[in-house]
Amino acid sequence: MARTEAAPSDGLKPRGAALKRRLRARGDSGEYVTRIEDYALIGDTQTGALVSKDGSIDWLCLPRFDSGACFAALLGDRSHGRWRMTPSAPVQTITRRYRGPSLILETEFTTATGAVRLIDFMPPRGREPDLVRIVEGLRGEVEMDLEVIVRFDYGSIVPWVRRVEGDWTAVAGPDSLTLRTPIDMQGVDRSTVARFTVREGERVPFVLVWHPSFEGGSVIPDPFAELTATEEWWRTWASAFTYEGPWKEQVLRSAITLKGLTFAPSGGIVAALTTSLPEKLGGVRNWDYRFCWLRDATFTLMSLIHCGFVAEAGAWRNWLLRAAAGDPSKLQIMYGAAGERRLPETILDWLPGYEGSAPVRIGNAAVDQFQLDVYGEVMDTLHVARGAGLEADEFAWHLEKVMLDFVEKAWREPDEGIWEVRGPRRHFTHSKVLVWTAFDRAIQSVEQYGLSGPVDRWRRIRQEIHDDVCRNGYDAAQKTFTQFYGSEDVDASLLQIPLVGFLPARDPRVVGTVSAIERRLMSHGLVERYLTRSDVDGLPEGEGAFLACSFWLADAYVLQGRTDDAWALCEKLLGLANDVGLLAEQYDVQAGRAVGNFPQAFSHVALINTARNLANAGGPARERAAGHP
């Protein structure tokens with residue numbers, strides 16, 4: 001039987017007030033704010049963690065992306081859970097990078113007495129999820145402080161903490177964490193702390209493993225062997241990368257980030273790692289993005305295909321066939337990572353939210369919305385996958401035809417649209433354009449790949465939709481397409497009109513639309529999604545510029561021959577990535593800060609597509625790209 005050493009539920013055996021005084025002297029009062037862009041992602045393609053520049057893991061959900069968080073300081077403060085490892089003395093410099101084409105994060109701290117490297121990573125999943133941290137002495141010696149505060153269920157549950165055969169364990173309900181390290185740790189104020197010194201050439205490991213509390217103990221892997229294996233795993237995966245063009249390193253980093261947001265067991269792809277990071281600081285536009293949106297996943301798959309990662313397309317197609325099985329009228333806009341359908345939205349009222357941006361939500365009520373555009377995006381992706389050589393699947397084509405039968409009857413109905421407004425349903429122009437796309441891609445699939453289908457009927461429907469959009473979604477007086485039928489406003493989603501081939505980019509109606517978006521939706525050179533008004537989306541006004549939409553404008557510039565404008569806008573957007581190449585959903589141009597969930601798949605997808613479009617463009621920008629890193 002394992003020998004255990006019982007301890008209070010607020011930590012390991014206390015050693016008095018000495019460390020408590022040190023923590024307070026450092027200013028760790030509980031208030032804790034780190035800019036969104038100061039985080040980096042590590043992950044094992046089933047979940048992930050956010051690591052701040054100062055070495056604190058402030059967000060980690062186990063065992064899946066959408067599980068409860070055991071470290072939730074991101075949406076509150078240290079009392080809601082974090083794992084911080086940082087030098088005791090003042091830090092002079094901090095630099096970060098990923099080790100090669102991987103999600104192995106290296107953070108170097110320099111102090112007056114020396115320098116250390118903190119290596120953070122999550123090995124590709126074996127039986128159980130684990131997270132490894134290694135402190136490596138680079139020169140001199142550096143005294144380090146460690147603080148582990150585990151709070152299961154999004155910061156709400158204080159676990160029972162004890163020693164089991166020398167390992168530190170935390171248990172509450174169904175969750176159990178085991179931490180193994182050679183460092184002696186002590187319990188102080190419901191946290192576990194340590195102070196240790198690392199000298200040049202030394203490596204001090206920490207391995208944290210999750211397992212169900214009702215099962216046997218965890219198998220603790222060798223941290224140094226796992227580091228070697230994880231680096232090799234990522235290098236092998238990245239070897240399929242085929243993109244050649246401008247910003248090659250940034251494109252590869254985006255592809256790695258998208259892979260990190262893939263739920264490997266099912267092939268699903270989550271939209272972001274986080275929930276409730278605000279679209280406006282202090283506001284209520286805070287949503288849970290840890291699910292698989294059909295729209296986001298389709299864009300993601302097309303980007304990965306264009307980078308050479310076709311295997312992911314096959315895995316996602318299989319996920320889609322499982323998730324969408326049944327009545328096409330019941331097709332949801334999003335699913336859980338494994339294809340779950342029920343994602344009820346709940347407010348966690350004990351969390352104050354990122355910088356007071358409440359409420360904090362888990363689940364997403366938009367799961368019940370009707371959004372016509374997802375049918376077009378799914379059809380488009382499956383068509384692209386065929387062109388990339390994905391093996392034919394008879395059932396996939398059958399599903400596409402059944403979806404078209406439903407859309408043939410439903411396309412005249414209003415919907416909530418691409419931005420998931422919580423106001424009344426409308427006849428959103430973008431939704432109708434994407435329904436046109438669905439039939440267009442089905443027709444192309446018949447014509448190019450010899451598939452069977454009622455192509456003459458599909459052509460008639462395609463033309464009917466096209467005529468309807470041009471008649472009802474276009475304002476001739478303003479010379480622009482509009483957000484929805486009868487509206488006078490524009491919407492950045494209208495930039496998809498030339499991108500999906502609905503109209504040529506140099507058609508006067510498209511030129512007018514791009515011009516209207518530049519005049520009415522651009523601020524400081526970036527594009528907002530739409531004019532946020534309560535009569536449209538049922539929410540208070542205000543949010544950041546939407547990075548994907550800004551990339552779409554660059555794509556439209558390319559198609560219109562404005563390659564220098566596209567190049568300049570793309571460089572501006574790349575400048576908004578953080579020091580390790582990650583992008584959030586939006587950017588607050590007034591505050592000069594990233595906002596929205598992070599890292600955001602949609603933003604990285606758009607980066608890849610715009611870089612690829614510029615790589616294929618001619619003219620001065622293309623000549624410049626030839627020598628661009």
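Any value given below was found using the heavy atoms of this structure, including those in side chains, with hydrogens, waters and symmetry copies removed.
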(message) Quick one, L372 with K432, criterion side-chain contact (heavy atoms from CB on, under 4.5 Å). Give me CA distance, side-chain angles, the key distance, then yes/no.
(response) CA-CA 7 Å; L372 279 165; K432 309 299 186 186; 4.2 Å; yes
(message) Please determine whether side-chain contact (heavy atoms from CB on, under 4.5 Å) holds for the pair W247 and C570, giving the CA-CA distance in whole Å, both sets of side-chain angles, and the decisive distance to 0.1 Å.
(response) CA-CA 10 Å; W247 307 295; C570 191; 3.6 Å; yes
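- The aromatic rings of F309 and W237 sit parallel to each other, their planes meeting at less than 30°, with 60° as the upper class boundary.
- The CZ atom of R441 sits 9.0 Å away from atom CG of L434, with the distance rounded to the nearest 0.5 Å.
- Counting heavy atoms from C-beta on, the side chains of L277 and E585 never come closer than 4.5 Å.
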(message) Could you go through E249 and R253, starting from their C-alpha distance and side-chain angles, then the distance that decides it, and tell me whether this counts as salt bridge (Lys or Arg N to Asp or Glu O under 4.0 Å)?
(response) CA-CA 6 Å; E249 289 184 5; R253 176 51 52 194; over 6 Å; no
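- At distances below 3.5 Å, at least one donor-acceptor pair connects side-chain atoms of E37 with backbone N or O atoms of A594.
- With a 4.5 Å cut-off on side-chain heavy atoms, D288 and M334 do not count as touching.
- When ring centroids are compared, F481 and H430 stay outside the 6.0 Å threshold.
- Using a 3.5 Å distance cut-off with no hydrogens or angles, the side chains of Q448 and R386 do not pair a donor with an acceptor.
- Put simply, CG on D44 and CG on D130 are 7.5 Å apart, with the number rounded to the nearest 0.5 Å.
- In summary, the aromatic rings of W419 and F546 are positioned with their centroids under 6.0 Å apart.
- Considering all non-hydrogen atoms of both residues, R99 and I119 come closest at NH2-CD1, 3.7 Å.
- Two rings, from H466 and F502, have their centers less than 6.0 Å apart.
- Inter-residue side-chain proximity for S67 and T47 is flagged as unmet; no heavy-atom pair is nearer than 4.5 Å.
- Considering all non-hydrogen atoms of both residues, V251 and C307 come closest at CG1-SG, 3.9 Å.
- Partners of V595 under the side chain to side chain contact (heavy atoms under 4.5 Å, CB included) rule, at least two apart in sequence or in another chain, are L281, Q586, D588.
- Of the possible donor and acceptor atoms, one in the side chain of S266 sits under 3.5 Å from a partner among the backbone N and O of A337.
- Side-chain contact, E420 with W293: a donor N or O sits under 3.5 Å from an acceptor N or O.
- Rounding to the nearest 0.5 angstrom, the gap separating the CG atom in L495 from the OG1 atom in T513 is 8.5 Å.
- To the nearest 0.5 Å, atom OH of residue Y587 and atom OG of residue S603 are 13.5 Å apart.
- N597 and T274 are linked by a side-chain donor-acceptor pair at a separation below 3.5 angstrom, with hydrogens and angles left out of the test.
- Between Y243 and L252 there is no side-chain heavy-atom pair separated by less than 4.5 Å.
- Heavy atoms only, all atoms of each residue included: F109 and G55 are closest at CZ-N, 4.1 Å.
- Looking at heavy atoms from C-beta onward, L41 lies in side-chain contact with T257 at the 4.5 angstrom threshold.
- Ring-plane geometry between F299 and W552 is classed as tilted, the angle between the planes lying from 30 to 60 degrees on a 0 to 90 degree scale.
- The shortest heavy-atom contact between C549 and R529 is SG-CG, 4.0 Å.
- Screening W436, F439, F406, W411 for a ring pair (Phe, Tyr, Trp, His ring centres under 6.0 Å) with Y375, the sole residue that qualifies is F406.
- A heavy-atom distance below 4.5 Å is found between the side chains of P599 and L273.
- With hydrogens and angles disregarded, a donor-acceptor distance shorter than 3.5 Å links the side chain of E340 to the backbone of A338.
- Closest of all the heavy-atom pairs between M403 and V378 is CE-CG1, 3.8 Å.
- Ring to ring, W59 and Y39 are not that close: their centroids are 6.0 angstrom or more apart.
- To the nearest 0.5 Å, atoms CD1 (I333) and CD (Q371) are separated by 3.5 Å.
- Counting only heavy atoms from C-beta outward, the side chains of N578 and R96 approach each other to under 4.5 Å.
- When atom types are taken as modelled, the side chain of E108 and the backbone of T95 share no donor-acceptor pair closer than 3.5 angstrom.
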(message) If you apply the rule side-chain contact (heavy atoms from CB on, under 4.5 Å), what do you find for L526 with L576, and how did you get there?
(response) CA-CA 11 Å; L526 301 175; L576 301 181; 3.8 Å; yes
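- Once rounded to the nearest 0.5 Å, the distance linking CG of L569 with CZ of R562 reads 10.0 Å.
- If you check the side chains of E232 and T236, you find a donor sitting under 3.5 Å from an acceptor.
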(request) In sequence, state the C-alpha distance, the side-chain angles, and the governing distance for I269 and L258, and then conclude on side-chain contact (heavy atoms from CB on, under 4.5 Å). (result) CA-CA 8 Å; I269 301 171; L258 296 177; 5.8 Å; no
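- A donor-acceptor contact shorter than 3.5 Å links the side chain of T610 to the backbone of F551.
- Taking all atoms of both residues into account, the shortest heavy-atom contact from S550 to V527 is OG-N, 2.9 Å.
- With contacts defined as side-chain heavy-atom distances shorter than 4.5 Å, the pair R295/F602 qualifies.
- Using modelled atom types and a 3.5 Å distance limit, the side chains of D415 and S431 yield a donor-acceptor pair.
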